There are 2 protein chains.
Amino acid sequence: MSITGFEDMLERHDLKKTRPRLSVLNILSKRQAATSQPDLEEVLGNEVDRVTLYRVLKTFEEKGIIHKILDVNGTANYAMCGPACSEHSHYDEHVHFNCTVCFRVYCLDHLAIPKLSMPHGFEAGTVNLIVYGICGDCSKKAAAYKAAEDKVSS
Amino acid sequence: MSITGFEDMLERHDLKKTRPRLSVLNILSKRQAATSQPDLEEVLGNEVDRVTLYRVLKTFEEKGIIHKILDVNGTANYAMCGPACSEHSHYDEHVHFNCTVCFRVYCLDHLAIPKLSMPHGFEAGTVNLIVYGICGDCSKKAAAYKAAEDKVSS
DNA sequence: TTTTAAAAGCATCTTAGTTGCATTTATTTT
DNA sequence: AAAATAAATGCAACTAAGATGCTTTTAAAA
Ligand SMILES: [Mn+2]
Ligand SMILES: [Mn+2]
Ligand SMILES: [Zn+2]
Ligand SMILES: [Zn+2]
């Protein structure tokens, strides 16, 4: 998305067009995987204050611009929301995948969370479904490594 | 479970029978909901050192005696495992419920996690499915409160 | 251009979780 | 029963995510 695209997006949500916000949108929108808060902090360096980053992320989440995924360590990861999200409701009920090798968090946008029937008296709100395992990249690498190893030892 | 029961359990897992371990087993086994690390810390007071508690929990998890559930805040909660768990594999693939009012974490032991088909190349390991919402207790209380309110205003 | 509410920045704090090392203790061996 | 030992506890110090309060800056409106 273009800079003006992001500026429009901020305007639509009644948010001021500031450098920290535009930086965060730029980073998150060009990533296919979700990004952890510490990662964002590192990428931004001293360009943006730590606290400002937390506040930007919180605001974006509330406005339905990004959604938060807690990884296996309980750390917050963020990814852009789809077009269906708004201030009033998130529609991010897709499965997430957390690679235990590279720790990347993927949004499996096209894998919807199955319907579940709650026990009597329990009212379900949002559902968080995260699969831990080995991602495409990492299993490919592992396979390549194994092939090379086999060749050497033959 | 009786004290001797816990002692046998520790022995079966080649763990020494120590006070911190027995205390933790006592607390967790008599709770129906999972217990957070900070809760355990508070209940134990200065009876057990903070670090020891962390280590006991880690050991028990590795041995398949308890399992960990990350709540909405990313905090670790612990509950006893079923009889199928062992050092070599956990069978805790049931749904968890995290109440957004009282923050309790319930094991929905009888609600299995649905099978999911991963995208090509992704290898699924364990699956974490947590439903956020209002638990039976809290929705009952809310209903009672509303009924009382209606009576007054009539 | 002035005004102002919102946002950024900065210092400080809180708390979950970890690490290293010295001391204690449950269990084994003699 | 006493000694030996590996395992576990306790303590101090540290790390890192996240929050809070307050001041200064700035985007946008008047
Ligand atoms: Mn997602
Ligand atoms: Mn459970
Ligand atoms: Zn990976
Ligand atoms: Zn509740």
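Treat the numbers as computed from the prediction; the structure is a model and nothing was measured. Just so it is clear: chains get the letters A, B, ... in the order the sequence lines come, proteins before strands, and each one is counted from 1.
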Exercise. Tell me yes or no: between the side chains of A/Y78 and A/Q37, is some donor less than 3.5 Å from an acceptor?
Key: no

Between [N] ([atom2]) and [X] ([atom1]): distance, integer Å:
X	N	atom1	atom2	value
B/K68	C/dA16	NZ	P	14 Å
A/L10	C/dA8	CG	P	10 Å
A/D49	C/dT12	CG	P	14 Å
A/D71	D/dA16	CG	C1'	14 Å
A/L53	C/dC10	CG	C1'	15 Å
B/L57	D/dA8	CG	C1'	15 Å
A/H13	C/dA7	NE2	C1'	18 Å
A/L44	C/dA8	CG	P	12 Å

Self-check item: Full working for side chain to side chain donor-acceptor pair (under 3.5 Å) between A/N77 and A/D71
Solution: CA-CA 7 Å; A/N77 286 250; A/D71 67 20; 3.1 Å; yes

What closest approach, in Å, do [X] and [Y] show between heavy atoms, and which atom pair accounts for it?
X	Y	answer
A/F6	A/L22	CB-CD2, 3.7 Å
B/T18	B/L10	N-CD1, 4.5 Å
B/L129	A/L116	CD2-CD1, 3.7 Å
A/P119	B/L108	CG-CD2, 3.8 Å

Donor-acceptor contact below 3.5 Å, side chain [X] vs main chain [Y]:
X	Y	value
A/S139	B/G121	yes
B/E93	B/V127	yes
A/N98	A/V72	yes

Shorter than 3.5 Å, N or O on both sides, protein versus nucleotides 17-21 of chain D: list them out with atom names.
from   : atom 1 : to    : atom 2 : distance (Å)
D/dG18 : N7     : A/R50 : NH2    : 2.5
D/dG18 : O6     : A/R50 : NH2    : 3.2

Quiz item: With a non-hydrogen cut-off below 4.0 angstrom, is A/T52 in contact with a base, only sugar-phosphate, or nothing?
Solution: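 Touches a base.
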
Quiz item: Quick one: CG on B/L53 to CD on B/E47, what's the gap to the nearest 0.5 Å?
Solution: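 The CD atom of B/E47 is 10.5 Å from CG of B/L53, to the nearest 0.5 Å.
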
Practice problem: Estimate the overall bend of the helix from C/dT1-D/dA30 to C/dT30-D/dA1 from the end axes over five pairs each, rounded to 10 degrees. | Solution: 20°

Exercise. For the pair B/R12 and B/D8, find out whether any cationic side-chain nitrogen is under 4.0 Å from an anionic carboxylate oxygen.
Key: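 No, B/R12 and B/D8 are not salt-bridged.
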
Protein and nucleotides 1-6 of chain C: nitrogen or oxygen contacts under 3.5 angstrom:
from  : atom 1 : to    : atom 2 : distance (Å)
C/dA6 : O4'    : A/K16 : NZ     : 3.4

